[in-house]
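The structure appears right after this line, and notes come after that.
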Amino acid sequence: MKISLSTASVTRVKTDLLVVGVSSTDVASTPVLSELDAALGAGRLAKLFADERFDAKPGSALCVPAGSEVGAQWVLFVGIEPESASALRTARMLGVHAARAAKARKTAALVLAGAEAASVRAAAEGLVTGAYQNDAHKSGRNRRPAALGRATLVVDKATAALRRAVSDGVAIAESIEVVRDLVNGPPNVVTPDHLAKAARSHARKHGVRCTVWDQKKLEAAGMELFLAVNKGSAVEPRMIHLVYKPTDPKPTKKVVFVGKGITFDSGGLCIKPGPSMTTMKCDMAGAATTLGIVLAAARLRLPVEVHGLLGSAENMTGAAAYRPGDVYTSREGKTVEIINTDAEGRLVLADVLSYAKDQKPDYLIDHATLTGACLVALGPYRAGMMSNDDELADAYQAAASLEGERYWRLPLDDDLRKQLESSTADIKHVGTRLGGTITAALFLREFIGDAKWLHLDIAGPAFLEEANGPYPKGGTGFGVATALRFLEGLA
Ligand code: BES
Ligand code: MN
Ligand code: ZN
């Protein structure tokens with residue numbers, strides 16, 4: 001999609017679909033509505049809104065043919081939150097609405113009068129992500145033709161800052177698309193090796209260094225927990241290390257992101273019941289998100305050193321599969337008693353986090369579809385956040401609320417740690433059902449040394465059964481926008 005800026009008036013801009021966000025149906029007191037109303041024939045808008053019961057509330061939309069009175073063929077009115085709410089979230093939603101309403105239309109224009117660069121960026125991001133179609137695995141004639149080849153953002157002044165905002169928005173959106181495609185990809189295709197190859201080819205395009213560890217190298221590094229998870233699989237595991245390091249100016253901060261990359265989670269010998277297994281191709285979403293974040297940071301040339309460590313394995317039931325009762329030695333040296341083979345993510349993450357903290361990051365941040373308990377606690381639209389550092393957690397929450405992504409911090413209560421005591425090994429990896437999201441995090445905490453650490457349990461929002469807000473059904477790319485905003489705050 002080609003996105004350009006225009007300073008034409010709303011009545012003159014030539015387009016198939018003009019998109020106007022309104023928080024009120026009061027034509028007289030809403031300048032953009034009065035302007036359109038004057039062109040369409042005074043009084044027509046008020047009647048249209050009343051006839052169609054359009055109330056300008058968020059979620060409502062009304063598409064009307066405009067004909068010859070204005071430059072646009074159709075006008076789409078989208079209900080938005082009043083100005084006090086997040087401008088950025090509103091701009092993104094306008095872009096998403098425009099792309100979704102496009103149908104066979106080739107061009108659209110978004111009215112962004114008075115918008116700042118941040119909103120212009122979000123609108124561009126919304127246009128591109130809103131047009132996303134999960135068609136990669138449909139055969140020829142079932143692939144929908146792409147709508148919206150071109151879009152225009154109608155702004156007050158086409159400055160260099162706004163042009164940069166557009167290209168940044170597109171870069172973020174395309175990174176989110178990488179995440180969605182990998183998460184939506186079928187698990188017979190998206191294996192650990194496939195993930196590594198995809199990461200390498202994207203990295204190459206954007207000046208990101210990529211090193212891939214195979215089974216042998218993981219063995220040499222003593223990552224027995226990581227390897228245990230993959231033992232029942234017919235394919236090899238991979239660890240993928242991405243590095244984006246700007247040269248000029250020299251970065252002062254280094255952030256290491258870690259992602260859970262289970263390309264399919266059958267549960268292992270503690271096998272999942274069928275209905276819980278159907279969506280388990282999504283269990284590599286943390287790794288895909290991590291890749292998306294590093295790619296976007298590189299494309300925006302952020303003045304921060306950013307690493308991505310993707311731990312990728314497949315949790316299967318082959319003859320060599322790991323069992324409850326097994327004991328393995330972690331990279332850290334701690335021995336771990338296996339309780340439930342379906343709690344595989346924390347085992348992979350433990351060894352990867354241990355390596356990650358040795359990179360001496362200022363901040364260590366992991367994304368993982370880690371626990372069903374997090375979905376029970378927070379529902380599907382909000383991620384769990386756990387941290388050993390209040391300042392880091394607060395800064396991340398601030399970035400998230402700007403972007404309109406939702407996280408909720410859960411406490412790392414120390415007395416829950418006793419659930420992890422083992423009579424056989426140093427520690428066991430699963431506690432009771434009570435506080436399951438927190439005890440998973442407490443297990444991870446054993447492997448991060450004294451790093452300032454943020455753990456994001458994205459089991460809910462990484463993959464949706466139905467579209468919600470700006471997110472489509474399936475892989476969402478949740479978390480990329482917040483991470484980028486957080487990294488920009490460090491610069
Ligand atoms: N990948 C799952 C968690 C999950 C569940 C992600 C639903 C997305 C949607 C994870 O590996 C898992 O199976 N966790 C177990 C842990 C339990 C055995 C302690 C769970 O949540 O049931
Ligand atoms: Mn599992
Ligand atoms: Zn899992």
Side-chain angles (χ1 to χ4, degrees), residues 179 183-184 187 190 192 195 225-226 228-233 237 258-289 310-317 321-326 336-350 352 366-384 386 410 416 419-420 422 427-444 455-466 471 473-476 478-479:
V179 180
V183 173
N184 290 331
V190 183
L195 193 58
L225 297 184
F226 187 153
V229 170
N230 200 71
K231 284 177 73 169
S233 170
V258 166
K260 169 178 172 180
I262 301 298
T263 59
F264 187 70
D265 181 11
S266 71
L269 291 178
C270 306
I271 196 161
K272 287 182 186 293
S276 320
M277 210 191 287
T278 47
T279 58
M280 279 302 128
K281 67 175 184 182
C282 81
D283 217 16
M284 35 59 71
T289 306
L310 286 52
S312 188
E314 192 188 39
N315 190 22
M316 301 293 277
T317 58
Y322 78 134
R323 326 157 182 78
D326 283 1
V336 176
E337 179 188 2
I338 304 304
I339 302 299
N340 186 320
T341 61
D342 198 12
E344 81 297 336
R346 63 194 76 182
L347 297 170
V348 169
L349 287 174
V352 179
D366 74 76
H367 289 83
T369 47
L370 202 63
T371 64
C374 198
L375 269 149
V376 174
L378 301 177
Y381 307 128
R382 193 182 279 273
M386 285 140 275
L410 301 172
L416 287 172
Q419 290 189 20
L420 302 178
S422 162
I427 183 178
K428 61 184 191 185
H429 76 138
V430 173
T432 68
R433 285 178 59 240
L434 307 179
T437 301
I438 298 171
T439 51
L442 289 174
F443 177 79
L444 298 179
H455 163 57
L456 303 169
D457 193 330
I458 56 169
F463 190 92
L464 296 178
E465 303 278 347
E466 290 303 333
Y471 301 112
K473 175 182 162 83
T476 60
F478 176 96

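These numbers come from a predicted model, not from an experiment. Counting convention: from 1, in listed order, for ligands and their atoms alike.
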Mode of L375 contact toward ligand 1 - side chain, backbone, both, neither (heavy atoms, under 4.0 Å): side chain

Of the N, O or S atoms in D283, the one nearest the Zn ion (ligand 3): OD2

Under-4.0 Å protein heavy-atom contact, atom 14 (N) of ligand 1: yes

T263 side chain to P187 backbone, donor-acceptor under 3.5 Å: no

Selection from K272, M277, E344, M280 by shortest heavy-atom distance to atom 4 (C) of ligand 1: M280

Heavy-atom nearest option to atom 12 (C) of ligand 1, drawn from N315, D457, D342: D342

Min side-chain heavy-atom separation S266-M277 under 4.5 Å: yes

Atom of E344 closest to the Zn ion (ligand 3), considering N, O or S atoms: OE2

Shortest heavy-atom approach to atom 20 (C) of ligand 1 - which of P380, S266, G372: G372

K260 and D283 ion-paired at < 4.0 Å: yes

Three-point angle E344:OE1, the Mn ion (ligand 2), D342:O, rounded to the nearest 10°: 70°

Test item: N184 side-chain N/O and G475 main-chain N/O as donor-acceptor pair under 3.5 Å: yes

Identified side chain to side chain contact (heavy atoms under 4.5 Å, CB included) counterpart of F443 within the set V336, V430, I438, L370: V336

Polar side-chain atom of H429 near backbone of T341 as donor-acceptor pair, under 3.5 Å: no

F463/T369 under side chain to side chain contact (heavy atoms under 4.5 Å, CB included): CA gap, chis, key distance, verdict: CA-CA 9 Å; F463 190 92; T369 47; over 6 Å; no

For ligand 1, the portion of N340 having any non-hydrogen atom under 4.0 Å away: side chain

Check: R323 side chain, L269 main-chain N or O, donor-acceptor pair, under 3.5 Å: no

For the Zn ion (ligand 3), the closest N/O/S atom belonging to D265: OD2

Check: P461 main-chain N/O paired with T476 side-chain donor or acceptor under 3.5 Å: yes

The Mn ion (ligand 2) to D265: nearest N/O/S atom name: OD2

Heteroatom test (N, O or S) for D283 near the Mn ion (ligand 2), limit 2.8 Å: no

Short side-chain to backbone donor-acceptor contact, H367 and A285, under 3.5 Å: no

Which residue and heavy atom of the protein sit nearest atom 16 (C) of ligand 1, plus the separation: R346 NH2, 3.9 Å

Protein contact of atom 2 (C) of ligand 1 - nearest heavy atom, named by residue and atom, plus distance: D265 OD2, 3.6 Å

Check: K281 side chain, F264 main-chain N or O, donor-acceptor pair, under 3.5 Å: no

K260, portion touching ligand 1 at heavy-atom distance under 4.0 Å: side chain

Protein heavy-atom partner closest to atom 10 (C) of ligand 1 - residue, atom, separation in Å: L370 O, 3.3 Å

N, O or S atom of K260 closer to the Zn ion (ligand 3) than 2.8 Å: yes

